[in-house]
Amino acid sequence: MKKLFTLFCLMLGLSSTSVLAASDNPVEIIKDGSRQVLDILKQDNGKNTKQVRQQAETVAVPLFDFPRMTALAVGLGWRQATPEQRDQLTQQFQTLLVRTYSSTMTRFKTAQVNVQPNPIVSANGKDATVKSSVTLPGNANPVAVDYVMYKGDKGWKIYNVSVEGASLVTVYRNSFNEEIRKTGVDGLIKLLQDKNAAPVAAAPAAKSKG
């Protein structure tokens, strides 16, 4: 389970071009996106790593529903937050995710991704979980990675990623809820700001399932 959540970075290089072509099919979004992000990562030659990461970040952000992700990660504290606080939380959480996971992105340029064809659909067709397996370099055992997506006015957006049943937003929610209990919503905003101002830390290991 060590560093499994760094697999989130695989989705930080999706191309908006593929999404426009397949916006009604969540499986194709993940399949095309996975192929394109690996193509991007393969351009890394050890000297252009920063440029490769920036390219991936630039095209990726529109594919994620960061406000929805942030609301789920903050949990009950989201209800307490003012609109301004919600905007700040979303901005800081987005920055944290991109900084944390894009920093490890190029480690996975030789990963093999297999996307299953039949998503689990709910909420009258508005919610879909796309299942996949990822074989990491040096590890013959594939890792189960699920992408949870919601279809809104702008098409399908990713709002959660689960690795071996462990949810990205749940991992963050545990620590966020503790911080809100101690210092309130403003305290959480300050914590995120401090993290984003500091050197990039390693991505959190998967500890909780949800």
Side-chain angles (χ1 to χ4, degrees), residues 4-40 55-79 81 83 86-98 100-102 105 111 113-134 143-173 176 206 208-210:
L4 286 183
F5 269 100
T6 53
L7 286 169
F8 176 77
C9 73
L10 285 175
M11 303 314 295
L12 285 178
L14 297 178
S15 168
S16 57
T17 302
S18 67
V19 175
L20 290 174
S23 59
D24 288 333
N25 191 326
V27 171
E28 289 304 315
I29 291 174
I30 300 301
K31 187 179 296 184
D32 289 351
S34 298
R35 181 170 59 248
Q36 291 186 39
V37 67
L38 291 176
D39 287 344
I40 291 173
Q55 179 187 1
E57 292 172 17
T58 298
V59 299
V61 168
L63 300 183
F64 286 85
D65 188 339
F66 284 106
R68 192 179 183 90
M69 291 181 74
T70 307
L72 289 172
V74 174
L76 293 176
W78 188 255
R79 299 179 184 178
R86 290 181 179 184
D87 287 343
Q88 292 184 61
L89 286 168
T90 299
Q91 178 183 355
Q92 294 301 324
F93 188 44
Q94 174 179 324
T95 300
L96 178 68
L97 289 175
V98 172
T100 300
Y101 295 99
S102 67
M105 186 180 297
V113 181
N114 180 36
V115 182
Q116 296 182 17
N118 299 315
I120 299 173
V121 180
S122 59
N124 295 320
K126 295 291 187 180
D127 207 278
T129 298
V130 178
K131 293 183 172 293
S132 73
S133 60
V134 179
V143 176
V145 182
D146 297 344
Y147 301 100
V148 187
M149 308 176 73
Y150 180 80
K151 187 178 182 181
D153 295 338
K154 298 182 180 179
W156 290 98
K157 300 277 189 178
I158 301 167
Y159 69 89
N160 196 10
V161 181
S162 292
V163 179
E164 295 291 340
S167 160
L168 177 78
V169 296
T170 300
V171 167
Y172 280 104
R173 185 189 301 142
F176 286 0
S208 304
K209 291 187 176 182

Start with the C-alpha gap between L97 and Y172, add the side-chain angles, then the distance that decides, and say whether side-chain contact (heavy atoms from CB on, under 4.5 Å) holds. CA-CA 10 Å; L97 289 175; Y172 280 104; 3.7 Å; yes

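Within the model, atoms CG of N160 and OG of S167 stand 3.5 Å from one another, a figure rounded to the nearest 0.5 Å. Atom CG of L96 is separated from atom CG of L89 by 12.0 Å, given to the nearest 0.5 angstrom. Taken from CD1 in I30 to CD in Q116, the straight-line distance is 12.5 Å, to the nearest 0.5 Å.
The side-chain hydrogen bond (donor to acceptor under 3.5 Å, both in side chains) test applied to Q88 returns no partner, not counting sequence neighbours. Taking the salt bridge (charged side-chain N to carboxylate O under 4.0 Å, His left out) definition, one finds that K131 meets it with D146, sequence neighbours left out. Residues that satisfy the side-chain hydrogen bond (donor to acceptor under 3.5 Å, both in side chains) test with Y159, not counting sequence neighbours, are D127.
Listed here is the closest heavy atom pair of R86 and A81: NE-O, 3.5 Å. The two residues V161 and I158 come nearest to each other via the heavy atoms CG2-CG2, 4.2 Å. For P119 against A128, the heavy-atom pair with the smallest separation is CB-CB, 4.4 Å.
A side chain to side chain contact (heavy atoms under 4.5 Å, CB included) with V145 is found for one member of V115, V134, V113 and no other, namely V134. Results of the side chain to side chain contact (heavy atoms under 4.5 Å, CB included) test with M149 over I29, T129, V121 single out I29 as the only residue that passes.
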Please list every donor-acceptor pair under 3.5 Å in which a side-chain atom of residues 67-79 meets a protein atom from a residue at least two apart or in another chain.
from : atom 1 : to  : atom 2 : distance (Å)
T70  : OG1    : F66 : O      : 2.7

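F64 has its side chain out of reach of K157: every pair of non-hydrogen atoms, C-beta onward, lies at least 4.5 Å apart.
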